[in-house]
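All residue numbers refer to positions in the sequence shown, counting from 1.
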Amino acid sequence: MVNVHIICVGKLKEKFFADAAAEYVKRLGAYCRLQITELAEEKLPQNPSPAQIDAALAREAAAIRAKIPPHSQVTALCVEGRMRSSQELAAKLRGSVWGDGAAKRLVFLIGGSYGLDEALKQEAGDRLSMSPMTFPHHLFRVMLLEQLYRAFKINEGSAYHK
């Protein structure tokens, strides 16, 4: 059974996001060992400067790096990442890169309101984008969980994907 670790900047505060995430966490229990780590989002003033944002992202990146286990396949979720269909995500989970046993754990990184530090994105082995649109990072967590569940269901040949 594959280990999946999602490292998120920010906590789910809205009940509807927390409920949706909890449902997919429950469903994913049959397919993987899932761990979700929530890290505090750096506090910024009302209208932060680009330098203040960059400094906050660098501090968040340091906190994220401290939580990435050794021998992990790291995927940064970011708008400039590669968009994949659900079938492509399932094939990646099942196949060559993620499913080959080389990585002890699949780690997905979700940034906060300002995204992820550029250096951290560069260090990741892969970058994934769900869309060129902007989504709240809390919703993005639910979307990732659902897509991981969908990928496992595709791989087992389930009708869930239809």
Side-chain angles (χ1 to χ4, degrees), residues 1-39 41 57 60-61 64-65 67-118 120-162:
M1 187 174 279
V2 67
N3 292 299
V4 177
H5 187 176
I6 301 173
I7 302 174
C8 311
V9 175
K11 298 190 183 299
L12 290 182
K13 297 173 188 163
E14 296 88 353
K15 184 178 180 339
F16 51 91
F17 286 141
D19 288 347
E23 178 61 28
Y24 286 109
V25 166
K26 180 177 79 175
R27 292 180 186 193
L28 281 164
Y31 299 97
C32 65
R33 286 182 288 283
L34 179 66
Q35 177 182 356
I36 298 176
T37 300
E38 293 180 331
L39 301 173
E41 190 165 6
L57 290 177
E60 289 173 356
I64 289 169
R65 284 184 192 98
K67 297 295 183 182
I68 298 173
H71 311 295
S72 295
Q73 173 64 43
V74 178
T75 299
L77 288 104
C78 52
V79 70
E80 64 270 52
R82 179 166 176 240
M83 284 189 275
R84 290 188 173 87
S85 69
S86 296
Q87 293 88 346
E88 288 172 319
L89 184 66
K92 191 163 174 79
L93 237 174
R94 164 181 77 246
S96 62
V97 177
W98 291 348
D100 67 0
K104 301 257 188 237
R105 182 179 306 266
L106 307 179
V107 176
F108 294 90
L109 308 178
I110 301 175
S113 300
Y114 289 96
L116 291 167
D117 179 67
E118 188 59 38
L120 186 62
K121 290 187 278 188
Q122 293 292 329
E123 293 164 18
D126 194 16
R127 292 191 217 179
L128 177 64
S129 174
M130 299 274 190
S131 168
M133 294 180 187
T134 302
F135 295 101
H137 58 282
H138 302 310
L139 176 58
F140 206 78
R141 184 186 317 186
V142 175
M143 292 168 59
L144 174 62
L145 289 166
E146 191 283 333
Q147 283 300 299
L148 289 171
Y149 177 69
R150 182 176 298 272
F152 282 113
K153 296 301 275 183
I154 288 169
N155 287 341
E156 78 173 7
S158 168
Y160 174 82
H161 180 60
K162 306 280 187 250

Ignoring hydrogens and geometry, is there a side-chain-to-backbone donor-acceptor pair from Asn155 to Ala90 under 3.5 Å? yes
Do the non-hydrogen side-chain atoms of Arg105 and Gln35 ever get within less than 4.5 Å of each other? yes
Hey, what do you get for CG (Leu116) to CG (Leu77), rounding to the nearest 0.5 Å? 8.0 Å
Report the distance from atom NE2 of His137 to atom CD1 of Ile110, rounding to the nearest 0.5 Å. 9.0 Å
Is any side-chain heavy atom of His5 less than 4.5 Å from a side-chain heavy atom of Asn3? no
Could you report the tightest heavy-atom contact between Ala21 and Val142, atom names first, then the distance? N-CG2, 4.0 Å
Please report the shortest heavy-atom distance between Glu88 and Arg84, naming the atom on each side. OE1-CA, 3.2 Å
Step by step, would you call Ile68 with Leu109 a side chain to side chain contact (heavy atoms under 4.5 Å, CB included)? CA-CA 9 Å; Ile68 298 173; Leu109 308 178; 4.3 Å; yes
Test Leu148 against Leu93 for side chain to side chain contact (heavy atoms under 4.5 Å, CB included), laying out the working first. CA-CA 9 Å; Leu148 289 171; Leu93 237 174; 4.3 Å; yes
With heavy-atom distances below 4.5 Å as the criterion, would you say the side chains of Glu146 and Met143 are in contact? no
Backbone of Ser113 reached by a side-chain donor or acceptor of Glu41 within 3.5 Å: yes
Checking Phe152 now: which residues fulfil ring pair (Phe, Tyr, Trp, His ring centres under 6.0 Å) with it, not counting sequence neighbours? Tyr31
How long is the span from the CG atom in Asp117 to the CD atom in Gln122, to the nearest 0.5 Å? 10.0 Å
If only atom types and distance count, is the side chain of Arg33 paired as donor or acceptor with the main-chain N or O of Met1 below 3.5 Å? yes
In short, His138 meets Glu14 closest at the heavy-atom pair CD2-OE1, 3.8 Å
Stepwise, does the side chain to side chain contact (heavy atoms under 4.5 Å, CB included) test hold for Arg150 with Leu89? CA-CA 9 Å; Arg150 182 176 298 272; Leu89 184 66; over 6 Å; no
Taking the side chain as every heavy atom from C-beta outward, state whether Met130 and Phe140 have any atom pair closer than 4.5 Å. yes
Once you round to the nearest 0.5 Å, how far does CD1 of Ile7 lie from CG of Leu120? 9.0 Å
Give a yes-or-no answer on whether the side chains of Ser129 and Glu80 include a donor-acceptor pair shorter than 3.5 Å. no
Residue pair Lys67 / Val107, side-chain heavy-atom distance below 4.5 Å: no
Can you tell me how far apart CG (Leu139) and CG (Leu144) are? Round to the nearest 0.5 Å. 11.5 Å
Between Tyr24 and Leu145 the two heavy atoms that sit nearest each other are CB-CB, 3.7 Å
Spacing of Ile6 atom CD1 and Leu28 atom CG [to the nearest 0.5 Å]: 7.5 Å
Any chance you could lay out the side chain to side chain contact (heavy atoms under 4.5 Å, CB included) test for Lys92 and Gln73, step after step, and finish with the verdict? CA-CA 12 Å; Lys92 191 163 174 79; Gln73 173 64 43; 5.8 Å; no
Tightest non-hydrogen contact, residues Arg141 and Ile36, listed as NH1-CG2, 3.8 Å
Heavy-atom distance under 4.5 Å between the side chains of Thr134 and Val79, does that happen here? no
Nearest heavy-atom neighbours spanning Glu60 and Gly115: OE1-O, 4.2 Å
